[in-house]
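Counting from 1, the numbers follow the sequence of the chain as shown.
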Amino acid sequence: MFRRLLCGVSIALLLCGCSAVRSPEETAAAVRDVYAAASDIEIVTEITSNLNEETMDYTIGYSYEKQGDTASAVMTVLAPESIAGITAEISGDDFTFSYGDTELETAMPDRKGLTPVDATTYLLYDLMHSVPEQVWQEGELLALRYESKTEEGNVVKEIYLHPDSCALAEARIYNNGNQILRCTFETCTLDGK
């Protein structure tokens, strides 16, 4: 009896930072509703990218706007200084990169949602349209876990939100079990919700 009690207390202590959400389906649907209803989203993100055995840090500004059924976004590199000012206008599957007077039209990156350029776009898409595999409370944050199989392998996204506003706090993106992106959201405002 004592062993069972000790084991139960040990497990409770290990899990004290995480707890179940009372109605995960309703919580996930409420988050989807908030993001789908937002007409303007402004985000500043610190992104640590661990791709191709090289770690890079970026600061990205992201502005999303929806009018009716049409949505567009502008991503601007704020740091590092060597590439600050590069912008990408995102509309559907098209990206237009610009820096000063130079513009380059291109399709989405090959690794959809797995690069600093398009990570925010795909995180917002998941929050607006996808059903998470798991929903839980971690400390003061609400956590949602999305999983998908892609040509690159198994992709897992863990997205952490402030439960009162649904504003983004952090995201971790894994590809085949390796963390490739970590996003810390300095600001996230949702208008029109």
S.K.: In Å, rounded to the nearest 0.5 Å, how long is the span from CZ of Arg145 to OH of Tyr160?
M.R.: 8.5 Å
S.K.: Say whether Thr121 and Tyr62, considering side chains only, have a donor N or O and an acceptor N or O under 3.5 Å apart.
M.R.: yes
S.K.: Nearest 0.5 Å please: distance from the CG atom of Leu161 over to the SG atom of Cys188.
M.R.: 8.0 Å
S.K.: Does any N or O in the side chain of Tyr35 come within less than 3.5 Å of the main-chain N or O of Cys166, such that one atom is a donor and the other an acceptor?
M.R.: yes
S.K.: Is the side chain of Asn175 donor-acceptor paired with the backbone N or O of Val155 at a distance under 3.5 Å, no angle test?
M.R.: no
S.K.: What pairs with Ser49 under side chain to side chain donor-acceptor pair (under 3.5 Å), at least two apart in sequence or on another chain?
M.R.: none
S.K.: Roughly how far apart are Lys66 NZ and Asp40 CG, rounded to 0.5 Å?
M.R.: 10.0 Å
S.K.: Determine whether Asp57 and Glu46 satisfy the following criterion, side-chain contact (heavy atoms from CB on, under 4.5 Å), listing intermediate values before the conclusion.
M.R.: CA-CA 7 Å; Asp57 292 316; Glu46 296 287 334; 5.8 Å; no
S.K.: Go through the structure and list residues passing side chain to side chain donor-acceptor pair (under 3.5 Å) with Asn50, not counting sequence neighbours.
M.R.: Thr55
S.K.: Using the side-chain contact (heavy atoms from CB on, under 4.5 Å) rule, take Ile60 and Val77 through it: C-alpha gap first, then chi angles, then the decisive distance, then the call.
M.R.: CA-CA 5 Å; Ile60 304 290; Val77 177; 4.1 Å; yes
S.K.: In Å, rounded to the nearest 0.5 Å, how long is the span from OH of Tyr174 to CG of Asn154?
M.R.: 12.5 Å
S.K.: Less than 4.5 Å apart, any side-chain heavy atom of Ile43 and any of Leu124?
M.R.: yes
S.K.: Restricting to pairs with a member in residues 123-133, which pass side chain to side chain donor-acceptor pair (under 3.5 Å), not counting sequence neighbours?
M.R.: Asp126-Ser130, Asp126-Lys157
S.K.: Any side-chain heavy-atom pair from Ile41 and Met128 closer than 4.5 angstrom?
M.R.: yes
S.K.: side-chain contact (heavy atoms from CB on, under 4.5 Å) between Thr87 and Met75: does it pass, once the steps are laid out?
M.R.: CA-CA 5 Å; Thr87 63; Met75 183 272 316; over 6 Å; no
S.K.: Met56, Leu78: one ILVMFWY side-chain cluster at the under-4.5 Å cut-off?
M.R.: no
S.K.: Of all the heavy-atom pairs spanning Ser165 and Val34, show the shortest one and how long it is.
M.R.: O-CG1, 4.5 Å
S.K.: Roughly how far, to the nearest 0.5 Å, is OH of Tyr146 from CG of Leu123?
M.R.: 9.5 Å
S.K.: Could you tell me which non-hydrogen atom of Ala119 sits nearest to which non-hydrogen atom of Leu181, and how far apart they are?
M.R.: CB-CD1, 3.7 Å
S.K.: Applying the side-chain contact (heavy atoms from CB on, under 4.5 Å) test to Glu158, which of Arg182, Gln179, Arg172 qualifies?
M.R.: Arg172
S.K.: Examine the side chains of Glu138 and Trp136 and answer whether a donor and an acceptor come within less than 3.5 Å of each other.
M.R.: yes
S.K.: Between Ser72 and Glu65, is any side-chain donor less than 3.5 angstrom from a side-chain acceptor?
M.R.: no
S.K.: Apply the test side-chain hydrogen bond (donor to acceptor under 3.5 Å, both in side chains) to residues Ser63 and Glu42: give CA-CA distance (whole Å), side-chain angles for both, the deciding distance (0.1 Å), then the verdict.
M.R.: CA-CA 5 Å; Ser63 178; Glu42 298 289 331; 2.7 Å; yes
S.K.: Applying the 4.5 Å side-chain criterion to the ILVMFWY set and letting contacts propagate, would Val131 and Leu127 be lumped into a single cluster?
M.R.: no
S.K.: Of all residues at least two apart in sequence or in a different chain, which pass the side chain to side chain donor-acceptor pair (under 3.5 Å) check with Asp33?
M.R.: none
S.K.: The criterion is salt bridge (Lys or Arg N to Asp or Glu O under 4.0 Å); which residues satisfy it with Arg32, sequence neighbours excluded?
M.R.: none
S.K.: List in chain and number order the residues that pass side chain to side chain donor-acceptor pair (under 3.5 Å) with Glu140, two or more places apart in sequence or in another chain; answer none if no residue qualifies.
M.R.: none
S.K.: At what distance, to the nearest 0.5 angstrom, does CG of Leu168 lie from OG1 of Thr120?
M.R.: 8.5 Å
S.K.: Grab the two heavy atoms, one from Ala38 and one from Tyr64, that are nearest each other, plus how far apart they are.
M.R.: O-CE2, 3.9 Å
